[in-house]
Amino acid sequence: MGFMGDRSTLLETGRFVRAEAETGTGAGEPAAVVSADPARTDADRRNTYRTDEVFDGAEADAASDAELEARHRGAADKGDPGAMSVLGALLLRRGDLAGAEPYLRGATAAGDRAAANNLGVLLHQRGYPEDAAGWWRVAAVAGSAPAAHALGRHYRERGDEPAAEYWLRQAAESGHALGAYGLADLLEHRGDGGAERWLRAAAEQGHREAAYRLARLLRRREPAEAEQWYRQSAARGHRRAALHLGALLEARGELKEAGRWYLSSAKQGEARAACALGFLLRDAGDEDSAVTWWLRAAQDGDGNAANALGALHAARGETQTAERWYRAAMDAGDQNGAYNLALLCAAQDRTAQAEQWYRRAAYAGHREAANALAILLLQVGDAAGAEPWFSKAAEAGSVDAAFNLGILFASRDDDRTALKWYERAASAGHTDAALQVGIALVRDGEERAAERHLRCAAGGGSAEAAFRLAALLESLAPPPEPVALGEPVGGAPKSESEEWYERAAEEGHRRAQVRVGMLAAGRGDMAAAARWYREAAEAGSRNGAFNLGVLLAREGSEPEAALWWTRAAVAGHGRAALRLGLFAARHGDLAEGQKWCARAMELGPAEVSERAARLREALAEELSA
């Protein structure tokens, strides 16, 4: 029994989006920028501190900033607080901090809370965060939700979470989307279950990052609702939401729509989406387009895409290019690159280099690399060095490594430990391990438990398991009823054991082929029996060759029968040698008969040896007469 390698291939590895946590962008932005939503452009972000201004968005859309400035400058210069607030905000948005400050201070002195909020933004941009916080507090106490949000962000950046929560909650409860998102981010960071409520509140107001994070929160518990939030966030241009939505649709088989979302995400610079789109195009037969997107993703640092390119070039026989891409994958932090590079070296018999790359991947936690390294060490006779790597891989979840540990301990006659590892691999669906567990249980007399494992292995395609299951079922079946007088032989339907024998026989299992032939002969179907005996004999079965010879002899084809008996006897079949001795004696070739009798005596079994000895003595007397 050989050691198993890695069954997975590169192009099936990491195809879908990884499930690691992805933090939002809310908590890390400067407090001066009130918006935490990455959906906004820089211009949008500058506009966010106008939320409390005296003019509304409709007016801003209707006139240019220059018209607004001209309209309000006169009134502002005359001391109108509302005009000063608007003019100060316009100048602040334009970046004219020196021009904006006197107008904002004037409006603030007159009690304009929007001006106080914007003055805080101006001071923060100038590098005076404490002064900024003072004005934000003034505006927030006066009821400005944007100022409360900015003040909450200010305190969070300084590690004062109680104060941050207080002000963010003030903004959130006032219906401020950014405040709701900021509060949710803080609560989620603390592991507080109340985060979901505020993410939902922000998402319902169109905050795309909140919608994305809400979807991530719901994806296992409420997948249908999560999909809707992914859609909302993706529709507003959130590239990670588009990536996850594409993966969800692809897993569901909706490939066309998945491709559209992958494309949308990839065009926004999401390397994982470009990689996933490449896989989708490759599966659709468009390898050239797949390569284009894989190249784009790999150049943006996606290790999985670099691995895909490496595998593509390796399949084309372009090993140097493949190696270059595998190295690029390693540089991107993807240890599949080291593993694939090791496979490439192993295929070229560069054993030392293969071991080096297997070790690198294995030390990084790549379980199949650890399994492959252990196999390589075994092949050079280092069983002691192989065992810890098999163990490391098995404990990390490698089914093949668990099976290989079973083989290793079985080779040391440590059947108990071997069975433990076989059972672990079998419980994960490893066909050969299930077969080994079944064999061990049959040996220990636990037939019913053995049957369950043998069925698993046989159902997984193991011909040996199908044969052993058939033999077990046959041994457990009650003896057949005697055939009634006048009833045709073989009229009963096939038993389950015979069906399993036939399945194994069709897979080329020689012992099963012989057994199916015997069952067919028992039913009187000599043609089927001869066919199965011949298949087994031609595949090297000495029992098949012997039985075929018996069948041919009964049909009067003794010369052909002798040919098959010869093949069986040479392979060690004692009864075949005895038959050849009898055949030679009947044809007067006494010396040849003595030779085959001697061979039969050597091969046995005891009954055959005794008969062969008597025949040999008789032939010797005949020769000496």
Any [X] side-chain heavy atom under 4.5 Å of [Y] side chain:
X	Y	answer
Tyr181	Leu199	yes
Leu454	Glu451	no
Arg542	Trp564	no
Asp415	Leu419	no
His453	Glu446	no
Leu186	Glu188	no
His207	Leu178	yes
Glu196	Arg200	yes

Say you draw a straight line from [atom1] of [X] to [atom2] of [Y]; how long is it, rounded to the nearest 0.5 Å?
X	Y	atom1	atom2	answer
Arg367	Tyr339	CZ	OH	11.0 Å
Leu280	Ser289	CG	OG	11.5 Å
Ser541	His509	OG	NE2	10.5 Å
His238	Leu243	NE2	CG	10.5 Å
Glu387	Leu378	CD	CG	10.0 Å
Arg240	Tyr230	CZ	OH	10.5 Å

Are a donor atom and an acceptor atom from the side chains of [X] and [Y] found within less than 3.5 Å of each other?
X	Y	result
Asn371	Asn404	yes
Gln232	Tyr212	no
His244	Arg216	yes

Output yes when a side-chain donor or acceptor of [X] lies under 3.5 Å from a complementary backbone atom of [Y], and no otherwise.
X	Y	answer
Arg239	Gln268	yes
Arg534	Leu548	no
Arg208	Gly237	yes

Return the minimal non-hydrogen interatomic distance between [X] and [Y], and the atom names on each side.
X	Y	answer
Ala393	Ala401	CB-CB, 3.5 Å
Asp334	Asn304	OD2-N, 3.4 Å
Ala305	Ala297	CB-CB, 3.6 Å
Tyr326	Ala314	OH-CB, 4.0 Å
Ala273	Ser265	CB-OG, 3.3 Å
Val514	Ala536	CG2-CB, 3.7 Å

Mind running side chain to side chain contact (heavy atoms under 4.5 Å, CB included) on Leu377 and Gln379 for me, showing each step along the way? CA-CA 5 Å; Leu377 292 170; Gln379 289 170 345; over 6 Å; no

Presence of salt bridge, [Y] and [X], under 4.0 angstrom:
X	Y	result
Glu496	Arg455	yes
Arg260	Glu254	no
Arg515	Glu498	no
Arg231	Glu257	yes
Asp185	Arg213	yes
Glu499	Arg503	no
Arg296	Glu270	no

Can you confirm whether Arg443 is buried at CZ, in the sense that more than 12 heavy atoms of other residues, nucleotides or ligands lie under 6.0 Å from that atom?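 Yes, because the 6.0 Å sphere around CZ of Arg443 holds more than 12 heavy atoms from other groups.
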
Evaluate the criterion ring pair (Phe, Tyr, Trp, His ring centres under 6.0 Å) for residue pair Trp294 and Phe279; output intermediate values, then yes/no. CA-CA 8 Å; Trp294 281 336; Phe279 281 114; 5.3 Å; yes

Mind listing the side-chain donor-acceptor pairs of residues 342-350 below 3.5 Å, one per line with the distance, residues two or more places apart or on another chain?
{"residue": "Gln348", "atom": "OE1", "partner": "Arg350", "partner atom": "NH1", "Å": "2.4"}

Relative to the ring of Phe403, is the ring of Tyr422 parallel (under 30°), tilted (30 to 60°) or perpendicular (over 60°)?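 Rings of Tyr422 and Phe403: tilted, as their planes differ by 30° to 60°.
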
Asn307/Asn340 under side chain to side chain donor-acceptor pair (under 3.5 Å): CA gap, chis, key distance, verdict: CA-CA 8 Å; Asn307 269 318; Asn340 289 324; 3.1 Å; yes

Check the pair Val291, Asp288 against side chain to side chain contact (heavy atoms under 4.5 Å, CB included), reporting the backbone distance first and the verdict last. CA-CA 5 Å; Val291 169; Asp288 291 340; 5.7 Å; no

Distance under 6.0 Å and angle within 45° of the ring axis: does Arg412 meet both against Phe409?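 Here Arg412 passes the 6.0 Å and 45° test against Phe409.
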
For residues 356-365, tabulate all N or O donor-acceptor pairs below 3.5 Å that involve a side-chain atom, not counting sequence neighbours.
{"residue": "Arg359", "atom": "NE", "partner": "Glu355", "partner atom": "OE2", "Å": "3.1"}
{"residue": "Arg359", "atom": "NH2", "partner": "Glu355", "partner atom": "OE2", "Å": "3.1"}

Could you go step by step and tell me if Arg219 and Glu225 meet the salt bridge (Lys or Arg N to Asp or Glu O under 4.0 Å) rule? CA-CA 8 Å; Arg219 68 188 186 279; Glu225 186 183 358; over 6 Å; no

Side chain to side chain contact (heavy atoms under 4.5 Å, CB included) evaluation trace for Thr431 with Cys456: CA-CA 7 Å; Thr431 298; Cys456 289; over 6 Å; no

Full working for side chain to side chain contact (heavy atoms under 4.5 Å, CB included) between Glu161 and His189: CA-CA 11 Å; Glu161 290 197 359; His189 172 73; 3.6 Å; yes

Donor-acceptor list for residues 315-322 side chains, cut-off 3.5 Å, not counting sequence neighbours:
{"residue": "Arg316", "atom": "NH2", "partner": "Glu287", "partner atom": "OE2", "Å": "2.6"}
{"residue": "Glu318", "atom": "OE1", "partner": "His313", "partner atom": "ND1", "Å": "2.5"}

Pick one: which of Glu250, Arg272, Lys267 meets side chain to side chain donor-acceptor pair (under 3.5 Å) with Tyr262?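 Among Glu250, Arg272, Lys267, the one meeting side chain to side chain donor-acceptor pair (under 3.5 Å) with Tyr262 is Glu250.
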
